[in-house]
Amino acid sequence: MAREDKPYRVYKGGRAKGGVPTLTRQPRPKPPPRTADGRPPERYRGPGPVKRERRFGPGRIAALTVGVLILLLIGWTIAGYLAVRSGVQKANDRLSDSAKAQLVAQDGLMLSNPSTILVLGSDHSRHPTRRGNRLADSIMVIRSDPEHHTLSYLSIPRDLEVDIPGHGHDKINAALPLGGPSLAIRTVRESLGFEVNHVILMDFPAFRDVIDALGGIEVDVRSPAVTKHECPYPSAQKCARWQGWRFGRGRQKMDGKRALIYSRIRKNDLNPAENDLNRTGRQQQVLQATLGKMVGVGTFLKLPFIGDELVSPLATDLSTAQIFQLGWLRFRASTDRTIYCRLGFTGDSDRNAEVLLMFSGKSALQPPSAVTGGAGCLKGTPLS
């Protein structure tokens with residue numbers, strides 16, 4: 001093929017003639033001007049990260065406040081628990097081993113299982129043949145039903161005649177001075193036919209101190225009452241002229257002394273028809289008001305300071321945890337879920353058997369009447 005006909009061009013390699021070309025020398029940059037003190041200026045490093053000022057916004061303040069309150073609540077609860085535990089240890093030591101042996105062990109937690117608590121209010125007798133003995137001035141049974149959030153109170157007249165084991169037929173309040181708390185528990189268990197899981201034995205003068213530690217209680221007096229029980233004067237002449245303790249109708253605040261006197265009224269000078277059954281109704285009011293005040297917010301705030309005083313005057317087998325559980329059950333039980341029952345004087349009557357079924361939740365509630373001798377149950381209203 002002729003050279004002119006080739007589709008490409010042929011280049012000759014090798015060095016071209018002439019001198020080797022060189023790069024053009026760039027001028028050296030001038031040094032930056034120095035500052036007045038002769039130091040070179042700082043090199044600009046760019047804008048860099050933007051620093052924002054940290055501020056406590058509403059959300060952060062609210063979260064911090066809630067955290068502090070939770071810590072205070074936990075600390076206050078622990079302090080209150082320790083104060084109550086100190087009193088509970090004294091109360092547990094005060095109850096005899098023979099009394100504890102008569103109790104049926106609690107099946108699981110009180111928060112989830114029904115429990116029966118016997119409350120015995122004792123007082124020192126002034127009777128010549130029983131001077132110094134502790135009579136059962138008040139006998140009450142509390143039954144909790146956590147499944148239905150109810151609490152039931154059963155008042156037992158102290159003159160109710162029953163068979164006391166080993167002592168024959170007698171009034172039920174005689175069991176305590178005859179054989180102590182152990183015999184009283186056994187008598188209630190065998191005469192009424194239900195198990196007793198726990199017991200609370202309280203001396204009435206000491207119970208007055210409990211109410212005072214709470215700052216008093218509020219009681220709704222259903223009917224006016226006057227009694228000369230516990231005359232405050234030393235001479236018989238002054239007591240004869242004295243008008244007595246007076247309780248008007250309506251809600252009123254009572255300190256420990258007035259609450260104790262109110263619960264003891266057996267003979268109302270304004271209503272001679274009243275008897276021991278009316279006294280049991282007043283005792284239910286005082287006990288209910290005391291339990292309600294114990295689980296109140298105000299008591300919780302004072303618990304680290306008064307926890308020992310609330311429990312130590314008692315004698316009980318209840319542990320610290322069980323006392324708090326009982327308080328929660330009382331808090332959960334609203335007014336319309338609280339049942340008040342009482343027995344009549346006749347121990348073997350059919351009506352008393354019906355009341356026991358009502359109290360146990362096995363029968364419909366029926367209010368007391370003159371025909372039934374005052375035995376019956378009410379919901380939401382203490383008996384009067």
Side-chain angles (χ1 to χ4, degrees), residues 91-105 115-143 152-207 260 263-264 266 275-277 279-284 286-287 313-318 341-349 351-353 355-356 359-360 373-375:
N92 293 157
D93 295 338
R94 198 173 287 115
L95 187 66
S96 63
D97 293 335
S98 59
K100 297 176 182 178
Q102 294 294 329
L103 301 173
V104 178
S115 59
T116 304
I117 305 170
L118 175 62
V119 181
L120 298 172
S122 64
D123 205 351
H124 294 283
S125 174
R126 294 187 177 90
H127 195 276
T129 61
R130 292 181 178 178
R131 187 176 301 274
N133 288 341
R134 300 168 70 87
L135 296 175
D137 195 59
S138 173
I139 306 173
M140 189 178 300
V141 181
I142 303 176
R143 181 180 180 273
S152 301
Y153 299 86
L154 174 65
S155 293
I156 304 173
R158 61 182 181 178
D159 294 336
L160 177 66
E161 295 185 357
V162 297
D163 290 325
I164 300 179
H167 298 274
H169 203 69
D170 203 343
K171 294 180 180 180
I172 194 171
N173 72 329
L176 188 61
L178 288 174
S182 60
L183 183 58
I185 297 171
R186 182 181 175 187
T187 301
V188 171
R189 184 183 69 239
E190 295 185 5
S191 60
L192 302 185
F194 53 74
E195 298 176 342
V196 178
N197 304 119
H198 306 284
V199 65
I200 299 175
L201 181 63
M202 56 186 183
D203 183 70
F204 271 133
F207 188 64
L260 184 59
S263 66
R264 284 174 168 173
R266 189 176 185 181
N275 52 34
D276 195 52
L277 293 180
R279 188 178 68 93
T280 61
R282 295 187 182 97
Q283 290 173 352
Q284 285 185 344
V286 171
L287 181 60
L314 309 177
T316 181
D317 69 297
L318 289 168
C341 302
R342 73 180 173 203
L343 298 177
F345 289 114
T346 306
D348 57 352
S349 68
R351 182 60 176 177
N352 278 351
V355 172
L356 292 177
F359 174 72
S360 302

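Below, each value reflects all heavy atoms present in this structure, side chains not excepted, and no hydrogens, waters or symmetry copies.
When each of His198, Arg143, Met140 is tested with Ile117 by the rule side-chain contact (heavy atoms from CB on, under 4.5 Å), just one qualifies, namely His198.
Between Leu103 and Leu118 the shortest side-chain heavy-atom distance does not fall below 4.5 Å. With contacts defined as side-chain heavy-atom distances shorter than 4.5 Å, the pair Leu192/Leu343 qualifies. Residues Arg279 and Arg158 are in side-chain contact: their nearest non-hydrogen atoms beyond the backbone lie under 4.5 Å apart. Looking at heavy atoms from C-beta onward, Leu201 lies out of side-chain contact with Thr316 at the 4.5 angstrom threshold.
Shortest non-hydrogen contact noted between Asn352 and Gly344 is OD1-N, 2.7 Å. In terms of heavy-atom proximity, Phe359 sits nearest to Ser152 at CE1-O, 3.5 Å. Taking every heavy atom of both residues into account, Ser182 and Ser98 meet most closely at CB-O, 3.5 Å. When all heavy atoms of Val286 and Ser263 are compared, the pair lying nearest together is CG2-CB, 3.9 Å. When all heavy atoms of Pro165 and Thr187 are compared, the pair lying nearest together is CD-OG1, 3.4 Å. Taking every heavy atom of both residues into account, Val355 and Cys341 meet most closely at CG1-CB, 4.1 Å.
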side-chain contact (heavy atoms from CB on, under 4.5 Å) between Leu183 and Ile164: does it pass, once the steps are laid out? CA-CA 8 Å; Leu183 183 58; Ile164 300 179; 3.9 Å; yes

Do Val141 and Phe194 pass the side-chain contact (heavy atoms from CB on, under 4.5 Å) test, and can you show the C-alpha distance, the side-chain angles, and the key distance before you say yes or no? CA-CA 11 Å; Val141 181; Phe194 53 74; 3.9 Å; yes

For salt bridge (Lys or Arg N to Asp or Glu O under 4.0 Å), just list the numbers for Arg266 and Asp159, CA-CA rounded to whole Å, side-chain angles, deciding distance to a tenth of an Å, and then say yes or no. CA-CA 12 Å; Arg266 189 176 185 181; Asp159 294 336; 2.2 Å; yes

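Judged by distance alone, the side chain of Asn197 and the main-chain N or O of Thr116 form a donor-acceptor pair under 3.5 Å. Under a 3.5 Å cut-off, the side chain of Arg342 and the backbone N or O of Ile156 do not form any donor-acceptor pair. Side-chain atoms of Arg189 come within 3.5 Å of backbone N or O of Gln102 as a donor-acceptor pair. The main-chain N or O of Asp163 is never found under 3.5 Å from a side-chain atom of Asp170 such that the two would form a donor-acceptor pair.
Heavy atoms of other residues, nucleotides or ligands lying less than 6.0 angstrom from CD of Glu195 number 12 at most.
Using a cut-off of 4.0 Å between Lys/Arg side-chain N and Asp/Glu carboxylate O, Asp317 and Lys100 are scored as not salt-bridged.
The line from CG of Asn173 to CG of Leu160 is 10.0 Å long, rounded to the nearest 0.5 Å.
With no hydrogens or angles considered, a side-chain donor-acceptor pair links Ser138 and Gln283 at under 3.5 Å.
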